[in-house]
Amino acid sequence: MPLTSVMKLQLHNQIERVLHVKGNYQGGILEMAVVIDCSYEKEELKQLCADIIALCKKQSEIFRNIRLNMVLWGSDGITSETAASAYVQTGTYFDGYEEQKDVSCMQAEEIMEYLKKFHARSKLILLLTPDSARLAKITDPDRMGQAMNPFLKHKLIIVYPEKIEAGAGLYRSILS
């Protein structure tokens, strides 16, 4: 699923918003996390990630030399590894990727707690999911709110096939 020109513009604007959040980490080697919902089809995911990496590199000098953490979120649990952005952009990172059909056990609260605990230094966190209902199925809104507060809601951008949403929008929908 390649990004449409409208989605690229929306993503560009969301990234600009995140880059200029007051108090966002500025020093040392900057980090970025891409969280992948493992229910994505391999070919769609390869194209989407290539588009996102290209957009980031084109947007700002910050993304030319950044530590890229790839987080796979599936029924097997959550795994994280560092990858070169060129490796992801060319698609070779996904050679060992397998789509997972049974993702009913994946809880949004778990991934948010994981991100808060292990990716707090990331300047930008992109969550790629093909199912917008997955993040809407929250069993414990208080737990989700605590995981997203105080900084995750500002650094998170959620990329669905049909839209792009800021983490703050998801946070507000949880609280209402």
Quiz item: Which value, rounded to the nearest 0.5 Å, describes the distance between E43 atom CD and Q47 atom CD?
Solution: 9.5 Å
Exercise. Could you walk me through whether M32 and K123 pass side-chain contact (heavy atoms from CB on, under 4.5 Å), step by step?
Key: CA-CA 6 Å; M32 171 181 166; K123 186 162 189 71; over 6 Å; no
Quiz item: Is I78 close to V71 at the side-chain level, that is, under 4.5 Å between some pair of heavy atoms?
Solution: yes
Quiz item: Are side-chain N/O atoms of S39 and D37 paired as donor and acceptor at under 3.5 Å?
Solution: yes
Self-check item: Side-chain heavy atoms of L68 within contact of V88, under 4.5 Å
Solution: yes
Quiz item: Do D142 and Q146 have side-chain N/O donor and acceptor atoms under 3.5 Å apart?
Solution: no
Quiz prompt | Closest non-hydrogen atom pair between Y160 and E165, with its separation | solution = OH-OE1, 3.2 Å
Quiz item: In terms of side-chain geometry, is the basic nitrogen of R121 or E31 positioned less than 4.0 Å from the acidic oxygen of its partner?
Solution: yes
Quiz item: To the nearest 0.5 Å, how far apart are CG in L30 and CZ in R64?
Solution: 14.0 Å
Quiz item: What do the steps show when you test I125 against I157 for side-chain contact (heavy atoms from CB on, under 4.5 Å), and what is the final call?
Solution: CA-CA 6 Å; I125 300 171; I157 299 172; over 6 Å; no
Exercise. With the side chain counted from C-beta on, respond yes when T139 and E109 share a heavy-atom pair under 4.5 Å apart, and no when they do not.
Key: yes
Exercise. Taking the six-membered ring of Y171 (Phe, Tyr or Trp), confirm whether the NZ or CZ of K153 is under 6.0 Å from its centre and within 45° of its axis.
Key: yes
Quiz item: Looking at CD1 of I174 and CZ of R172, how far apart are the two atoms once the value is rounded to the nearest 0.5 Å?
Solution: 11.0 Å
Quiz prompt | L156 CG to L124 CG distance, which is reported to the nearest 0.5 Å | solution = 9.0 Å
Quiz item: Does R17 CZ have over 12 foreign heavy atoms under 6.0 Å away?
Solution: yes
Quiz item: Which of parallel (below 30°), tilted (30 to 60°) and perpendicular (above 60°) describes F118 and Y114?
Solution: tilted
Quiz item: How far apart are the closest heavy atoms of I15 and C56, and which atoms are they?
Solution: CD1-SG, 3.7 Å
Quiz prompt | Other residues, nucleotides, ligands: >12 heavy atoms within 6.0 Å of K58 NZ | solution = no
Quiz item: Is E98 paired with K42 through a side-chain N to carboxylate O contact shorter than 4.0 Å?
Solution: no
Self-check item: Considering all heavy atoms, the nearest V159-Y40 contact
Solution: O-OH, 4.3 Å
Quiz item: What pair of heavy atoms forms the shortest contact from A147 to L152, and how long is it?
Solution: O-CD2, 3.7 Å
Quiz item: After noting the C-alpha distance and the side-chain angles of L11 and L55, does the key distance pass the side-chain contact (heavy atoms from CB on, under 4.5 Å) rule?
Solution: CA-CA 9 Å; L11 184 58; L55 179 74; 3.4 Å; yes
Quiz prompt | Heavy-atom check, side chain of S85 versus side chain of I66, under 4.5 Å | solution = no
Exercise. I would like to know whether T82 and R67 meet side-chain contact (heavy atoms from CB on, under 4.5 Å); could you show each step before the answer?
Key: CA-CA 7 Å; T82 303; R67 181 182 176 143; 3.3 Å; yes
Practice problem: Provide the closest heavy-atom pair for W73 versus L127 in the form atom of the first, atom of the second, distance. | Solution: CZ3-CD2, 4.4 Å
Quiz item: Should Q10 and V6 count as side-chain neighbours, where that means a heavy-atom distance under 4.5 Å?
Solution: yes
Exercise. Report the distance from atom CE of M144 to atom CD1 of I138, rounding to the nearest 0.5 Å.
Key: 4.0 Å
Practice problem: Taking all heavy atoms of Q89 and all of A54, pick out the closest pair and write down the distance. | Solution: NE2-CB, 3.4 Å
Quiz item: Going through the distances and angles, do K155 and S122 end up as a side-chain hydrogen bond (donor to acceptor under 3.5 Å, both in side chains)?
Solution: CA-CA 8 Å; K155 295 180 179 187; S122 293; over 6 Å; no
Quiz item: Taking side chain as C-beta onward, heavy atoms only, is L128 less than 4.5 Å from I52?
Solution: yes
Self-check item: Separation between CG of L126 and CD of Q14, rounded to the nearest 0.5 Å
Solution: 10.0 Å
Practice problem: Please identify each residue that fulfils side-chain hydrogen bond (donor to acceptor under 3.5 Å, both in side chains) with Q59, with sequence neighbours left out. | Solution: H12, E16
Exercise. Assess whether salt bridge (Lys or Arg N to Asp or Glu O under 4.0 Å) is satisfied between K101 and E99, documenting all intermediate values.
Key: CA-CA 7 Å; K101 297 289 184 190; E99 176 186 358; 2.9 Å; yes
Practice problem: Kindly indicate whether the side chain of P150, heavy atoms from C-beta on, has any atom under 4.5 Å from the side chain of K116. | Solution: yes
Quiz item: Do R143 and E113 have side chains that get closer than 4.5 Å, going by heavy atoms?
Solution: yes
Self-check item: Counterpart residues, side-chain hydrogen bond (donor to acceptor under 3.5 Å, both in side chains), relative to Y93 (two or more places apart)
Solution: E81
